[in-house]
Protein chains: 2
Amino acid sequence: MLPTEEKLDPRVKRTRALILQSFESLIAEKGFETISVQDVTDKAQVNRATFYAHFSDKYALLDYSISQKFMQEIEKRMLNTCHYTHDNLRNLILAVCDFLFHLHSDCAQPHQQFESLVEGTIKKQIFNLLSHWLEQTQPKVPTEIPATVATWAIYGLASLYSHSKKRPALDQFVDDALPLVAVNLEQFT
Amino acid sequence: MLPTEEKLDPRVKRTRALILQSFESLIAEKGFETISVQDVTDKAQVNRATFYAHFSDKYALLDYSISQKFMQEIEKRMLNTCHYTHDNLRNLILAVCDFLFHLHSDCAQPHQQFESLVEGTIKKQIFNLLSHWLEQTQPKVPTEIPATVATWAIYGLASLYSHSKKRPALDQFVDDALPLVAVNLEQFT
DNA sequence: TGTTCTAAGCAACAGATGTTGCATAGCTTA
DNA sequence: TAAGCTATGCAACATCTGTTGCTTAGAACA
């Protein structure tokens, strides 16, 4: 993970922004698997060696890009500055469904490799968020197990939603999904 | 997916076996991410071009290897030739936990990319198995949603189990985990 | 056995990867 | 403004990738 500090050399900010921007537009255009680091740096007008000064490879770049976008989504909904409630959980599920849905429509031909990597990245953040929520309400109790189960359940449901052909209304879907997740968590709150 | 037919040219059988054998021993030795196709073919004493006649890249090889090993595990426990029962579900969870646990101890430095790919591969098989079970008992009802949720829950629990530092006894763990999964499925059976 | 079919070996290819040492541009601070 | 620091550019590298055209070995079958 890269430091997201404020005080960064403007050259660094500029380079990262150019790389990210180029990457995201290429993802939309050609899909992740067919992009080369060369492609990214060409489009970003940045030297290839410079790329490797920032990211170890294109997988690290994907991780960073997805992390960052998902974190923005969470912050936009102010889910990072709250605690566990039934309603906040509902909003979290909504956020994940929404995010995955838009990700899939924004990316050309998302194949298994791409989806697997995205999944790992996002699950980490969901898990951190849920752990934080649970630790706030129950500081003494171990949170690993319920947080893990809930994380997987949420991501699984969101993945199902974002892949389904005949996509039901999001609100309807979340109403159906919510109890399956809540039951595991509310034993601990 | 490669055809697993019986009637194959013995040269093909031999080549695939050599590649698989070499791959699996290299995985144990160096870990997946650092292996090159070159490494695999060198050790297997097979030409690199021949490799590409069988697998599109090393990710396809991983998928094939894991699929095959997991399928053997399922067949060994005769889970592929049965229907839904509480006890068969218990055995399935046990199989997945066991498989992941041994996979992690057999592979050098399993990083996120490796684990993500394995996850995708195994979840496909769990999903097929559960769908089959559910369709047998309830041919009329759509099975996609319960099968998906159960698949994710099972894999999530197995992943948690195989990563936990202080690993509880497997039987104990499965007893705790089983009801969380069963409750979703037994609404439909 | 001999003929046919096809898998495997081989060599070479263009392109991508990840890394290096060095030069230069640009940021920061005094 | 000048000095020092560091991110970027550049060129070259060894290596790996995925592919091709051709040759050779071995399986299948009449």
Side-chain angles (χ1 to χ4, degrees), chain A residues 1-23 25-27 29-65 108-109 111-114 117, chain B residues 1-23 25-27 29-65 108-109 111-114 117:
Chain A
M1 188 64 61
L2 294 177
T4 22
E5 294 164 32
E6 310 307 320
K7 265 301 160 202
L8 275 184
D9 193 318
R11 288 170 294 179
V12 172
K13 275 186 170 173
R14 176 177 174 278
T15 301
R16 284 191 195 159
L18 285 172
I19 289 174
L20 264 186
Q21 195 179 318
S22 153
F23 177 66
S25 97
L26 281 170
I27 286 263
E29 186 184 321
K30 314 171 48 178
F32 176 72
E33 354 281 312
T34 55
I35 295 178
S36 68
V37 172
Q38 193 79 257
D39 293 335
V40 175
T41 55
D42 283 355
K43 183 151 201 163
Q45 306 212 65
V46 157
N47 194 272
R48 199 164 58 83
T50 303
F51 176 94
Y52 288 105
H54 290 270
F55 303 97
S56 58
D57 51 33
K58 74 169 183 169
Y59 303 101
L61 174 55
L62 176 67
D63 185 83
Y64 179 70
S65 164
Q109 6 153 358
H111 289 315
Q112 193 210 317
Q113 192 170 338
F114 174 76
L117 295 165
Chain B
M1 186 65 62
L2 294 176
T4 23
E5 294 164 32
E6 309 307 320
K7 265 300 159 203
L8 273 184
D9 191 317
R11 289 169 295 179
V12 172
K13 275 186 170 174
R14 176 177 174 279
T15 300
R16 283 192 195 160
L18 285 171
I19 289 174
L20 264 185
Q21 194 179 318
S22 154
F23 178 66
S25 98
L26 282 169
I27 286 261
E29 186 185 322
K30 313 173 50 178
F32 176 72
E33 355 280 312
T34 55
I35 294 178
S36 68
V37 172
Q38 193 78 258
D39 293 335
V40 175
T41 54
D42 283 355
K43 183 151 200 163
Q45 306 209 66
V46 157
N47 194 273
R48 199 165 57 85
T50 303
F51 175 95
Y52 287 105
H54 290 269
F55 302 97
S56 58
D57 51 33
K58 73 169 183 168
Y59 303 102
L61 174 55
L62 176 66
D63 185 82
Y64 179 70
S65 163
Q109 6 153 358
H111 290 315
Q112 193 210 318
Q113 191 171 340
F114 173 75
L117 295 166

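Just so you know, these numbers come straight off a predicted model, no measurement behind them.
Of all non-hydrogen atoms in A:I35 and A:F23, the two that sit nearest each other are CD1-O, 4.3 Å. Pairing each heavy atom of B:Q38 with each of B:R48, the nearest pair is OE1-CD, 3.8 Å.
Whole-Å rounding puts the A:D9 CG to D:dG4 P distance at 19 Å. The distance from atom CD of B:E33 to atom P of D:dC16 is 17 Å, rounded to the nearest whole Å. Computed from coordinates, the B:R14 CZ to D:dA27 C1' distance equals 13 Å when rounded to whole Å. Across the protein-nucleic acid pair, B:L18 atom CG and C:dA8 atom P stand 10 Å apart, rounded to whole Å. Residue B:R11 contributes atom CZ, which lies 9 Å from atom C1' of D:dA28 at whole-angstrom precision. Atom CD of A:Q38 is separated from atom P of C:dA14 by 16 Å (rounded to the nearest Å). As a whole-Å value, the separation of A:L61 CG from C:dT17 P is 12 Å. The separation between A:K13 atom NZ and D:dT8 atom C1' is 18 Å, rounded to whole Å.
Each of B:K58 and A:V12 lies near DNA chain D, and the nucleotide nearest A:V12 is the one positioned closer to the 5' end.
With axes fitted over five pairs at each extremity, the angle between the ends of the helix from C:dT1-D:dA30 to C:dA30-D:dT1 is 30° (10° resolution).
Qualifying side chain to side chain contact (heavy atoms under 4.5 Å, CB included) partners for A:S56, counting only residues two or more places apart in sequence or in other chains: A:A60.
Within the 3.5 Å criterion, the main-chain N or O of A:L61 finds no donor-acceptor partner in the side chain of A:S65.
Counting only heavy atoms from C-beta outward, the side chains of B:V12 and B:H54 approach each other to under 4.5 Å. With contacts defined as side-chain heavy-atom distances shorter than 4.5 Å, the pair B:V40/B:I19 qualifies.
Of the residues in residues 46-53 of chain B, B:V46, B:N47, B:R48, B:A49, B:T50 come within less than 4.0 Å of DNA chain C through at least one heavy atom, sorted by number.
Using bins of under 30°, 30° to 60° and over 60° for the plane-to-plane angle, the ring pair A:F32/A:Y59 lands in the perpendicular bin.
At the phosphate of D:dA7, neither OP1 nor OP2 sits under 4.0 Å from any side-chain N or O atom of A:H54. Regarding contacts with the backbone of D:dT8, a side-chain N or O of A:T15 is found under 4.0 angstrom from either OP1 or OP2.
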